[in-house]
Number of protein chains: 2
Amino acid sequence: MILTVLIALFASYCHSADWSSQAILYLDNSPQAKLHPVPVRAVKLTDGFWKARQTVTIEKSLPTLLALLEEHGVIDNFRRISGRKKVDRKGPLYTDSDLYKWMEAAGWALHTGEYPQLRADIDRITDEIAAAQEPSGYLNTYFIEDRVKDRFQRMQTGHELYCLGHLLQAGIAYYRATGGRRLLDIGVKFVDYLERDFGPDKKPLLTGHPELELALVELYRTTGERKHLELARYLLSGVERERLKLKDSEVKYMFSGSPFTSRKQLEGHAVRAMYACTGAADYYLETGDPAYRATLDTLWQDMTGGKLYLTGGVGSRAAGEAFGEPYELPNFQAYTESCAAIANFIFNQRMLAMTAEARYADVMERALYNGINSGMSLDGTLYCYRNPLASLGEKIRNPWYNTTCCPPNIQRTILALSGYFFSTNKDGLWAHFYDNAEMNWKLESGTALRVTMKGEMPWKGKSVLTIDPAKPEAFTLNLRVPAWSRNTRVTVNGQVVTASAKANAYFPIKRTWNKGDRVSIEFDIRPRLVEANARVPEDYGKVAVQRGAMIYCLEQPDHKTGNVLNVALRAPVAFTSEWKPEMLGGVMTLKTRGVAFGEQPLYRYRDEATASPLRPADLTLIPYYAWANRGESAMTVWLPLR
Amino acid sequence: MILTVLIALFASYCHSADWSSQAILYLDNSPQAKLHPVPVRAVKLTDGFWKARQTVTIEKSLPTLLALLEEHGVIDNFRRISGRKKVDRKGPLYTDSDLYKWMEAAGWALHTGEYPQLRADIDRITDEIAAAQEPSGYLNTYFIEDRVKDRFQRMQTGHELYCLGHLLQAGIAYYRATGGRRLLDIGVKFVDYLERDFGPDKKPLLTGHPELELALVELYRTTGERKHLELARYLLSGVERERLKLKDSEVKYMFSGSPFTSRKQLEGHAVRAMYACTGAADYYLETGDPAYRATLDTLWQDMTGGKLYLTGGVGSRAAGEAFGEPYELPNFQAYTESCAAIANFIFNQRMLAMTAEARYADVMERALYNGINSGMSLDGTLYCYRNPLASLGEKIRNPWYNTTCCPPNIQRTILALSGYFFSTNKDGLWAHFYDNAEMNWKLESGTALRVTMKGEMPWKGKSVLTIDPAKPEAFTLNLRVPAWSRNTRVTVNGQVVTASAKANAYFPIKRTWNKGDRVSIEFDIRPRLVEANARVPEDYGKVAVQRGAMIYCLEQPDHKTGNVLNVALRAPVAFTSEWKPEMLGGVMTLKTRGVAFGEQPLYRYRDEATASPLRPADLTLIPYYAWANRGESAMTVWLPLR
């Protein structure tokens, strides 16, 4: 008992760090974290690829989506409870979460110290939310009035805990931006209510859609209250399967309700599965429970061995928005929900912090530059729910979805992005991604450190880092060498350190760093052909084109004649890279001379010499993320290779 | 008015033919029929491939399925209405149709003149059905008691007319077998009820699941009552779309509710679409309406150009059991319902009668020997609902389905099969398929004609026809030369008539035939590789193996080591055909030396020389129809070609 109190006091001490120094994940006290993320506020993206995406997100995406949330009654749903507005409840039962995710996105934007209007918006909405919370702490705009009796009665589909998870994450983002606790406290009050009434000896609880797990661990990291970690453990434990009489199909679909550590493969609803993995990874980071680690490794191998799209997307099937079988990776029919790619990104963020292994950052980069970035139009007003790898030209971008989970999820990812660039550990600094950026932070020794990153990444293969420690100090700078760079040259102050840093690894530079030291890292960014395992049914005999982090595709608007679904690359394939500043917000295009198939029957006997000749065809490839920004058009990532 | 009466009288005269001379389709008076099927009863399959399937269907499949229909309350549903049994109604709302289809199957079996027990079974069930029919004529076991108010109120999903269609077909099969009209009259009484109360100026009617259309045309052919043809026309016309306020999505899914002649592509529920086409083809055969013919041609081209599986299956998508986009022909995920392949078979049966063109018989053969025959296990007790072209080894055969439409559909197809072998026209006789059979029929001149067909088709490439006209007579014998036979040699009484009859065409032999004339047709039955249009995503770079009418597959039980999903054929591909009398009921296997892929990551850069070597692998292929008869196992039709 005394021990428990002491642990609690110690934990509370550990977590007393200033709110402003907490990163997206605040892992400074997490026993299993090998890396500690540098806070969002400490890194400013400067003019470049991602800065442009952040700008459009803040200037276009946030305000237009907020207007749509108002228009569709999502905020009125709160006003209705507080009596401020007499309206019907609108939208599906999880609309609260869409608003919370928007608030989280806006919250991350505040870390720049700018955007007072955005802060006012959040404060105003927080006021509406607070007014809707019941004195007990319960808060949900759907389970009210004659649905009060349904609270926690249909947890497989009810999304009550899912909404709470996103409320907590919004509260944490805002708290870490401003120190303001009001939104966070609303969430905590609901959590307190749960912790009071639910648990093994009380009423049973289930995350029908995992998400609360990771939010609770982050809440524990934020407040130091161990009971939040305990609640996460309880939710991941699956102990309530019998009390709740969960069916096998439910447990599979939800990726919840059975012990997380009993999972052998990714299955069921992809976003649920990936959020469950993320929450379990968070739980492992705090506890070191080896059964969790073993399961996380098994599931990660399952994904990267047969269930991951080249774009970082996951979830092959529209039916159930679900994972398919290994190698079931259709391109046209790919479901690949934006939210699933984001969940994959944050799952790998945890695995990277846990291991400091580049392969996790590789999956993050794959998702971020491709299957996540594709999810928002270049102008910031249209969103993909699905991100298929081939299309006949169906409408794929819309301003709003009845289930509008993806748009604010993309926003919160992009607006927190600077927080994913760097980590520290006791040995030094780790750089994970390359773009124009400025970090103003400190080493774990306490020495202030400023790093500027300049170059033309992701389009040209070079980044220059200027290292400015407050005083000369020996530490290791770990630079991620992406998997796609076969030859990577690193210099420090003009001296070659290596001409061929190992790909898909961190390259360590251990030295005493002085103010103004310049590190240059030059990647081999020439286009490469990727091939898939022969067991992927739709990719056999085909290749995809990757240049740097970008997966490329062939889209119809770049081809006045012919059909991009009826062409092939011709070996040996040679590309000409061409920078097009006016096109699609500025993209590097790839041109090559391929072939077009002639007219073919559906089936023919191979021994019948009726094959029509291949005609030459000039092909232009664009980065996958930029597709479907010129109307609805055919597109394909995987191309036959003749 | 007088004209109408005269036409009616004439029609009635035309249709006065003896019941026993009516074929599956009674087209003798159909203005647009170029061919007239020879009746089921006039052709007896003798020991051989299809005779064995008929035997197992009669001895195993019919009795076990009847027992299951009883066990699941399908017949009790009728007894419940007549008050003969106090039970709850069981099963989905279309169970009546499953029983009717079983009765139709049994009805065709009676054409052999055997199976008195089967006749007693039908008579007994007919009695149960008759007792359940309302005095008005209405008959449906679902829309009773408190659901009486829902009659014809939810026609998109209600299946009332669908059940009636199958009742009529069962009645017609039994009538043509025995001359007994009782079952047929039950159906006619319901049709009379419809014709009294429904129509453009009365209450609106809709086939939410097309089927009644083709049954009504056949009823017209059977009774000569033109009003039945008129009702079919009305249902195909789509005139009630506005009155019924049908949504676009409904009209698309149902392939009903909008004018058939406005259809541009196959879409929506595959069985519905194919039955609609079949009914429309029947309507055209009677009326010659050119708009129907144009639409039928468009839809047939749409199917064979991009929506037809190599096995004759159609309907790519599980969602909505639906047609996909052109070239959307996934193998593992293929839905390819047995009923859809059967619907495709009977659609092409009509097109063949309409045109006398071999390409329609080619599709029939493709479906019959592959995607239909696969639908029933070799022992006749298990059925496939889906017939995918590749499988990880999921359970695919079951004795019963909640929607058990496929099992009796397969039964009725197999038991009527002899009726698909021959047709006549004024010029002579047409042979469509080759197996051991005896035809005792007549030329259209009236001369009795007996034809025996002997050989070892479909396994060995030769069939000998002995032609026995009652008296010497000049006529044309048209022999179908299948698309798969590159070199086809025909002799008459040992004299070569041609050494290379054109493939996928009918080869006409016009001469004066005498008793005992022997025609030999020798096909090139060597295995051939088939390749698909490059736009079929899952088939690119792969080939399928066809030998005669049979599509082959690779199944795991024939491979003790390695995984059949991880191998390729190696060019040039050479096969050894080996007859295995004890295996899978007797099959011709194909052996070849292929390769197995080594371990591969999910993705790799092509420029990295990490490809693991290909290992030689001995491969054994079996006919596709015979798969999944040795437990659940991996299987694939399409094989990479290295």
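Here is the naming used below: chain letters follow the sequence lines, and residue numbers restart at 1 for every chain. All heavy atoms count here, side chains included; hydrogens, waters and symmetry mates do not. Fair warning: this is a prediction, and the values are worked out from it, not measured in the lab.
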- Message: Looking at A/Arg359, I'd like to know if its CZ atom is crowded, meaning that more than 12 non-hydrogen atoms belonging to other residues, nucleotides or ligands lie closer than 6.0 Å.
- Response: yes
- Message: Test your reading of the model: is there a side-chain donor-acceptor pair from A/Asn370 to the backbone of A/Gly313, 3.5 Å cut-off?
- Response: no
- Exam field: side chain A/Thr336 to backbone A/Asn387, donor-acceptor pair closer than 3.5 Å: yes
- Contact winner vs chain B - A/Asn566, A/Thr304, A/Leu310, heavy-atom pairs under 4.5 Å: A/Leu310
- Message: Counting only non-hydrogen atoms closer than 4.5 Å, does B/Trp484 touch chain A with its backbone (N, CA, C, O), its side chain (CB onward), both, or neither?
- Response: both
- OH/A/Tyr603 to OH/B/Tyr309 distance, rounded to the nearest 0.5 angstrom? 7.5 Å
- Message: Quick check on B/Val543 against chain A: is it the side chain, the backbone, both or neither that has a heavy atom closer than 4.5 Å?
- Response: side chain
- Closest heavy-atom pair and its distance - B/Trp300, B/Asn348: NE1-OD1, 2.6 Å
- chain B: which of A/Ala483, A/Ala544, A/Ala568 shares the most heavy-atom pairs with it under 4.5 Å? A/Ala483
- Greatest number of non-hydrogen atom pairs under 4.5 angstrom with chain B, of A/Gln546, A/Glu538, A/Arg528, falls to A/Arg528
- Query: For chain A, which of B/Ala319, B/Gly541, B/Pro640 has the most heavy-atom pairs under 4.5 Å?
  - Reply: B/Pro640
- Task: State, to 0.1 Å, how close A/Leu299 and A/Lys264 come at their nearest heavy-atom pair, and which atoms those are.
- Result: CD2-C, 3.8 Å
- Message: Which atoms of B/Leu392 are under 4.5 Å from chain A, going by heavy atoms: the side chain, the backbone, both sets, or neither?
- Response: side chain
- So which part of B/Leu329 gets closer than 4.5 Å to some heavy atom of chain A, the side chain, the backbone, both or neither? side chain
- Residue among A/Ala318, A/Pro330, A/Pro537 with most heavy-atom pairs under 4.5 Å to chain B: A/Pro537
- Note on the structure: If one checks every heavy atom of B/Phe332 against chain A at 4.5 Å, the contacting part turns out to be side chain
- Per-residue contact mode, B/Asn331 against chain A (heavy atom under 4.5 angstrom): neither
- Heavy-atom pair count under 4.5 Å with chain B, highest-scoring of A/Lys307, A/Lys542, A/Arg535: A/Arg535
- Message: Side chains of B/Glu328 and A/Gln333: any donor to acceptor distance under 3.5 Å?
- Response: yes
